[in-house]
There are 2 protein chains.
Amino acid sequence: MDMQRKDVHNSDTPVLCRACESRHRGVCGALLPEQLLQLSKHSSRRELEPGTELIGESTTTTSYSNIISGVVKLSKMMADGRQQIVGLQFAPDFLGRPFRAENGVSAEAATGVKVCSFPKHVIERFIGDMPELEHKLLEQTLAELDEARDWMLTLGRKTAGEKVASFLLLIATHAFPDNEEDSVTFELPMSRVDIADFLGLTMETVSRQLTKMRKDGVIHIVNNRQVEVPDLGRLSERAGF
Amino acid sequence: MDMQRKDVHNSDTPVLCRACESRHRGVCGALLPEQLLQLSKHSSRRELEPGTELIGESTTTTSYSNIISGVVKLSKMMADGRQQIVGLQFAPDFLGRPFRAENGVSAEAATGVKVCSFPKHVIERFIGDMPELEHKLLEQTLAELDEARDWMLTLGRKTAGEKVASFLLLIATHAFPDNEEDSVTFELPMSRVDIADFLGLTMETVSRQLTKMRKDGVIHIVNNRQVEVPDLGRLSERAGF
DNA sequence: CGACGCCTTGAACGATGTCAACGTGCGTGG
DNA sequence: CCACGCACGTTGACATCGTTCAAGGCGTCG
């Protein structure tokens, strides 16, 4: 029976990897079962509380990670404390800066986060040996670059209202990548302060823009974290599209 | 004699490639002379006036390019005309978005620019065949991502004065990558409007900040395009470091 | 010389930041 | 169970920075 063959085949892949999204859409998809097994010998799973720091901005790291679930925020800070979130990462993104000692950004769990971590040198050996893995990494890096540039337009040229709408849209599309409906309800993965740091605004401005959108009927705020968007098209317009 | 051997060896590499920076610091450094020769059969050199568009934002491209000299600006535009420059590229950067039909950004010559172009499918075959080439691409993409994230901090959190200082610093360091002196003189590769579009400001604000820095003695404006920085350290402070 | 492109300067306005008060939910300890 | 403190968010009044609109300067080219 087909099912059985599939089961047998599955049993080659390490237990921990079986249900892992990274094996499908993430970088581990480039690996054969036996390579996965070899890698998994050096991997360790961790579960992180919101707020836990994974990577320090000017520290060197000795490990890379795959995000299994949750949201990680990447941020930069100036000497006087001003902060900017420069990216959000979701499962099954790869976390870490290959080929460079220093990270340049800090990574912190925004929500509860599960990760699968590997020693730096193991990954780097794998990358050197397996062009397919490097290809996956290139694809992800290019996608991150696209997103960073989209966000630069948001930061540099949009109004506060458009910024907040853009943020909601970003979360909505990441939470439900292939949603076809007009309406969605979702949970914000971060606080007002974090949202402000992502948008280059203050917490107060974010709050005001949210209540404005609520009064205008573009969103419905269930509670501080839960947001309902009855019409994604209208939200899109608010975001400047 | 060593010189002779070197000359003989050099004669293997295509004439056009011999003096090209991309063979050293750029992606072509991953290629052997015979591969370079093969690639050069499909390459064409072009010289572009300032303002020439190389790539359209939502067009598909059929060729990639290496920048041989000059500065290329990458930008995004909103439906109502607001524009944001999301990156500057210098020699010997690689230009184009691999593995995706649409570009997502438009590329325009900021200064006079020389490029070396290749048909899309040729490059993509080369990438597939040569892990070393893909590695170079990954390195450049990671570097671009680092720069994009640095700039996000600038766009989101810096004041107008800090933004303009950051821009001058960026140009100064790219024009003279390994300058050790305190002082430099250089030519701005773009107009006030472009600078404003890069910094998320208006032309007027850029102008005001420049005259303020001139009055404060941080810079000396030789003419509209030529700027002298007597003390890079002081400029650095102005940029928020 | 005049027209044009590019830049600078000034004055008034408006969006966003700042500072401070207040609200709300939640856990903790009396 | 209530009272309290604390974290987080909202709202208001005012200040500030950057934009907008308008005028004028400067160099170049016909």
Side-chain angles (χ1 to χ4, degrees), chain A residues 49-51 73 78 80-84 108 110-111 154-168 187-216 219-227 238-240, chain B residues 49-51 73 78 80-84 110-111 154-168 187-216 218-227 238-240:
Chain A
E49 295 292 303
K73 52 187 211 222
M78 293 176 61
D80 61 7
R82 280 175 285 175
Q83 199 172 22
Q84 175 68 43
E108 185 181 314
T111 63
T154 300
L155 288 172
R157 287 304 184 201
K158 292 191 184 176
T159 65
E162 290 169 335
K163 284 181 178 181
V164 173
S166 299
F167 172 75
L168 293 177
E187 184 163 344
L188 299 177
M190 44 204 214
S191 70
R192 298 290 187 272
V193 176
D194 281 347
I195 298 173
D197 280 344
F198 193 27
L199 296 170
L201 299 171
T202 60
M203 197 197 62
E204 291 91 331
T205 302
V206 171
S207 178
R208 278 189 256 268
Q209 294 299 333
L210 283 172
T211 60
K212 182 157 183 297
M213 293 180 82
R214 174 171 56 74
K215 284 178 181 163
D216 294 352
I219 59 174
H220 179 226
I221 297 178
V222 183
N223 61 45
N224 284 341
R225 291 293 184 117
Q226 293 276 338
V227 176
R238 292 272 177 148
Chain B
E49 295 292 302
K73 52 187 211 221
M78 293 176 64
D80 60 7
R82 279 175 284 176
Q83 198 173 24
Q84 174 68 43
T111 62
T154 300
L155 287 173
R157 287 304 185 202
K158 291 191 184 177
T159 65
E162 292 169 333
K163 284 181 178 181
V164 173
S166 299
F167 172 75
L168 293 177
E187 184 163 344
L188 299 177
M190 43 204 218
S191 71
R192 300 288 187 273
V193 177
D194 281 347
I195 298 173
D197 280 345
F198 192 27
L199 295 169
L201 298 171
T202 59
M203 197 197 61
E204 292 91 332
T205 301
V206 171
S207 178
R208 278 189 254 268
Q209 293 299 333
L210 283 172
T211 58
K212 181 156 184 299
M213 293 180 81
R214 174 172 56 73
K215 284 178 181 164
D216 294 351
V218 181
I219 59 174
H220 179 228
I221 298 179
V222 182
N223 62 44
N224 283 341
R225 290 293 184 115
Q226 292 277 339
V227 176
R238 293 271 177 148

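Protein chains get the first letters and strands the later ones, always in sequence-line order, with residue 1 at the start of each.
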To the nearest angstrom, the NZ-P distance between Lys215(B) and dT8(C) comes to 11 Å
Practice task
Carefully, step by step, assess Arg238(A) and Asp216(A) under the rule side-chain contact (heavy atoms from CB on, under 4.5 Å).
Solution key: CA-CA 11 Å; Arg238(A) 292 272 177 148; Asp216(A) 294 352; 3.0 Å; yes
Going by atom type alone, with no hydrogens or angles, which donor-acceptor pairs under 3.5 Å involve a side-chain atom of residues 189-206 of chain A and a protein atom two or more places apart or on another chain?
residue	atom	partner	partner atom	Å
Ser191(A)	OG	Val193(A)	N	3.4
Ser191(A)	OG	Asp194(A)	N	3.2
Arg192(A)	NH1	Asn224(A)	O	3.0
Arg192(A)	NH2	Asn224(A)	O	3.1
Asp194(A)	OD1	Lys73(A)	NZ	3.3
Asp194(A)	OD2	Lys73(A)	NZ	2.9
Asp197(A)	OD1	Arg157(B)	NH2	2.8
Thr202(A)	OG1	Thr205(A)	N	3.3
Thr202(A)	OG1	Thr205(A)	OG1	3.0

Taking dT10(D), dC7(C), dT20(D) as options, the one with an atom nearest any side-chain atom of Thr202(B) is dT20(D)
(Q) Could you check whether the side chain of Arg208(A) and the base of dG12(D) have a donor-acceptor pair of N or O atoms closer than 3.5 Å, going by distance alone? (A) yes
*Would you say the base of dC19(C) and the side-chain of Glu204(A) have a donor-acceptor pair closer than 3.5 Å?*
yes
Is it the case that the base of dT11(D) and the side chain of Arg192(A) share a donor-acceptor contact (distance under 3.5 Å, atom types as modelled)? no
Expected output: side-chain Glu162(B) to main-chain Thr159(B) donor-acceptor under 3.5 Å:
yes
Regarding the side chain of Arg225(A), the nearest nucleotide among dT8(C), dG9(D), dG17(C) is dG9(D)
_Worked verdict on Leu188(A) versus Phe167(A) for side-chain contact (heavy atoms from CB on, under 4.5 Å)_ = CA-CA 10 Å; Leu188(A) 299 177; Phe167(A) 172 75; 4.1 Å; yes
On DNA chain D, more 5' by nearest nucleotide between Arg157(A) and Asn224(A) is Asn224(A)
*Under 4.0 angstrom, heavy atoms only, what part of the nucleic acid is Gly161(A) near: base, sugar-phosphate, or nothing?*
nothing
Note: Gly156(B) and Leu155(A) closest approach over all heavy atoms is CA-CD2, 4.3 Å
In whole angstroms, the gap separating C1' of dT19(D) from NZ of Lys163(B) amounts to 12 Å
Students should find that the end-to-end axis angle of the helix from dC1(C)-dG30(D) to dG30(C)-dC1(D), with five pairs defining each axis and rounding to 10 degrees, is 10°
Rounded to whole Å, the CD-P distance (Glu162(B) to dC17(D)) equals 12 Å
Separation of dA15(C) atom P from Lys212(A) atom NZ, nearest Å, is 10 Å
On a heavy-atom basis, the closest approach of Pro50(A) and Ala110(A) is CB-O, 3.6 Å
Nearest heavy-atom approach of Gln209(B) to Ala160(B) is NE2-CB, 3.8 Å
Rounded to the nearest 0.5 angstrom, the OG1-CD distance for Thr111(A) and Glu49(A) is 10.5 Å
**OP:** Examine dG18(D): is either OP1 or OP2 under 4.0 Å from a nitrogen or oxygen in the side chain of Thr205(B)? Give yes or no.
**Re:** no
Assign each of Val206(B) and Leu210(A) the nucleotide of DNA chain D bearing its closest heavy atom; nearer the 5' end lies the nucleotide of Leu210(A)
From CD of Gln226(B) across to P of dC7(C) the rounded distance in Å is 14 Å
To the nearest angstrom, the CG-C1' distance between Asn223(B) and dG25(D) comes to 16 Å
Per the atom types in the model, does the base of dT11(D) pair as donor or acceptor with the side chain of Arg214(A) at under 3.5 Å? no
Leu201(B) CG to dT19(D) C1', in whole Å, measures 10 Å
Whole-Å distance, Ile221(A) CD1 to dT11(D) C1', equals 14 Å
